[in-house]
Protein chains: 2
Amino acid sequence: MGNSMIQIITKRKTREEILELSVPLFARCGYDGVSMRDIAAAMGLTPAALYYHFTDKENLYLDVVMHACRERSAELKGILDGLGSPWTRLEEYVAGLARLNATDKDFLRLMQWVMLDSNETRQYKLAEHVFRDQFVAVHSLAAELDPRHDAHMLAVSIIGLVFFHFEAGTTRQFMPGHRTQQDNPAVLAQHVIGLLRNSLGKSDEGTRYRTVADKSCLK
Amino acid sequence: MGNSMIQIITKRKTREEILELSVPLFARCGYDGVSMRDIAAAMGLTPAALYYHFTDKENLYLDVVMHACRERSAELKGILDGLGSPWTRLEEYVAGLARLNATDKDFLRLMQWVMLDSNETRQYKLAEHVFRDQFVAVHSLAAELDPRHDAHMLAVSIIGLVFFHFEAGTTRQFMPGHRTQQDNPAVLAQHVIGLLRNSLGKSDEGTRYRTVADKSCLK
DNA sequence: GTCTATATAAGGATAGAC
DNA sequence: GTCTATCCTTATATAGAC
């Protein structure tokens with residue numbers, strides 16, 4: 001009995017280690033680009049050992065992506081569910097999302113793989129576990145920010161403004177006007193907030209037209 | 001001589017057909033997800049025949065992506081190089097980019113694969129042939145639109161606002177607030193232009209604050 | 001130009017020993 | 001839990017006939 005307890009704990013531990021070590025592999029090369037042999041080699045195991053912990057490659061992949069997301073998006077959820085004014089939460093969320101994407105390239109690329117997945121049912125499962133919670137929160141925030149806009153489209157635009165900047169990161173660096181400071185998440189956040197400031201209804205706070213004087217969104 | 005001419009023409013024709021038929025395959029499943037067998041089968045050929053026209057899979061893939069882009073982004077380039085005012089060109093470009101992405105899912109997905117490519121030199125080659133021309137044009141447009149903004153970041157934001165909407169299309173449809181009309185490129189274009197209108201300096205035209213009266217960006 | 005046949009490697013997955 | 005050994009399938013690519 002005590003023995004089986006140890007087995008379970010050990011199994012859990014190895015399982016978690018496999019998940020954690022697989023994240024960068026799948027992030028870099030995607031589902032088809034990584035073999036069970038690759039994963040086993042990265043772990044210092046043989047491929048056969050992986051099948052003790054996971055039924056097949058598909059389930060291993062699903063668990064890896066969900067594991068990576070559960071860990072990494074908790075902070076953002078906290079911001080979105082926070083108490084500040086909608087505009088404050090937006091600023092913090094944009095800054096947080098930019099920081100996450102700048103810091104953790106693996107997370108960024110996993111999201112890209114999810115959106116490109118050619119297996120429909122797999123994509124649906126992942127989208128539900130990975131995007132739904134956060135999108136629901138951004139969607140309500142968008143509705144609070146400016147009820148005159150379409151909340152769904154505004155939510156997508158907010159996320160897209162941050163996300164695409166990093167998604168295009170590796171190609172952007174070869175394009176005209178690139179400077180290294182643009183990869184600084186704080187700089188991007190300021191840019192995005194500057195873009196959104198005048199588009200969203202802040203007239204009730206008397207700040208709707210403040211951009212002319214406010215230099216924070218200017219170069 | 002006349003005979004060799006026929007051979008060259010035939011070779012060209014078959015080559016073009018292979019490229020055209022490979023676009024949807026690579027668009028759907030990416031480089032690793034498509035085999036030479038798949039392509040040959042789609043063509044009604046054997047894999048060996050492909051190696052008469054292309055040295056290897058890598059070069060076939062490169063040619064497919066470049067072929068698809070050359071054909072599809074010509075219209076957008078025309079808009080960007082057009083004669084209208086910067087703001088007019090922006091509106092037309094956003095509308096054109098939205099239409100292209102909505103109409104041609106293959107193009108959209110090929111762009112995604114390029115940005116995710118794990119082969120660095122391959123990604124660089126593709127980025128140069130696929131993005132540079134258009135980005136240069138959007139970059140100058142951005143500089144004209146509002147010299148106070150960082151033109152590079154503004155250009156990325158303009159493209160990202162349109163692109164991400166469609167990139168997230170398959171997952172977006174399961175998220176709250178989704179309505180089918182949001183997939184209409186004209187609706188998206190209006191949304192994006194509405195967002196940008198107040199952020200970009202149009203004060204010299206006396207229209208900077210016109211959003212309060214202008215209902216086109218409202219739901 | 002396209003075929004058949006085949007070399008050679010890499011992939012997912014399992015059986016059974018330890 | 002992990003190993004060795006192996007099965008079977010699929011992959012890229014080439015040689016040589018037609």
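Note that the structure is predicted; figures quoted are calculated from it, not measured. By convention in this document, chain letters (A, B, ...) are assigned in the order of the sequence lines, proteins followed by strands, and residues within each chain are numbered from 1. Any value given below was found using the heavy atoms of this structure, including those in side chains, with hydrogens, waters and symmetry copies removed.
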Any side-chain to backbone donor/acceptor pair from Gln123(B) onto Met115(B)? Under 3.5 Å, distance only.
yes
Scan residues 55-65 of chain B against DNA chain D and write down, sorted by residue number, each residue with any heavy atom closer than 4.0 Å; if none is found, say none.
Asp56(B), Lys57(B)
Selection residues 96-107 of chain A - residue pairs positive for salt bridge (charged side-chain N to carboxylate O under 4.0 Å, His left out), sequence neighbours left out:
Arg72(A)-Asp104(A), Glu75(A)-Arg99(A)
For residues 21-33 of chain B, dump all side-chain donor-acceptor pairs below 3.5 Å to protein atoms at least two apart in sequence or in another chain.
residue	atom	partner	partner atom	Å
Ser22(B)	OG	Ile18(B)	O	2.6
Tyr31(B)	OH	Glu58(B)	N	3.4

NE2 (His129(A)) with more than 12 external heavy atoms under 6.0 Å:
no
Between Pro47(A) and Ala49(B), the residue closer to the 5' end of DNA chain C by nearest nucleotide is Ala49(B)
Looking at the rings of His165(A) and Phe164(B), which for Trp means the six-membered one, are their centres under 6.0 Å apart?
no
So which of Val156(A), Leu161(A), Leu195(A) actually passes side-chain contact (heavy atoms from CB on, under 4.5 Å) with Leu161(B)?
Leu161(A)
Residue pair Ser157(B) / His191(A), side-chain donor-acceptor N/O under 3.5 Å
yes
What nucleotide, of dT2(C), dT4(C), dA13(C), holds the atom closest to the side chain of Leu45(B)?
dT2(C)
Go through the side-chain N and O atoms of Asp183(A) and Thr180(A) and say whether any donor and acceptor fall under 3.5 Å apart.
no
If you check every side-chain atom of Ala48(A), which of dT14(C), dT2(D), dT2(C) has the closest atom?
dT14(C)
Do the side-chain N or O atoms of Thr46(B) get closer than 4.0 angstrom to the phosphate oxygens (OP1, OP2) of dT2(C)?
no
Provide, to the nearest angstrom, the distance between the CZ atom belonging to Phe54(A) and the P atom belonging to dT2(D).
11 Å
Could you spell out the base pairing of DNA chain D in dot-bracket, with Watson-Crick or G-U pairs whose two distances are under 3.5 Å, [ ] crossing and | to another strand?
||||||||||||||||||
Does the Asp56(B) side chain pair with the main chain of Asn59(B), one donor and one acceptor, at a distance under 3.5 Å?
yes
Tell me, which of residues 27-43 of chain B have any heavy atom that sits under 4.0 Å from an atom in DNA chain D?
Val34(B), Ser35(B), Met36(B), Arg37(B)
Test your reading of the model: is there a side-chain donor-acceptor pair from Arg109(B) to the backbone of Leu116(A), 3.5 Å cut-off?
yes
Going by side-chain contact (heavy atoms from CB on, under 4.5 Å), name the residues that satisfy it together with Glu92(A), two or more places apart in sequence or in a different chain.
Ile79(A), Thr88(A)
May I have the distance from Tyr51(B) (atom OH) to dA7(C) (atom P), rounded to whole angstrom?
17 Å
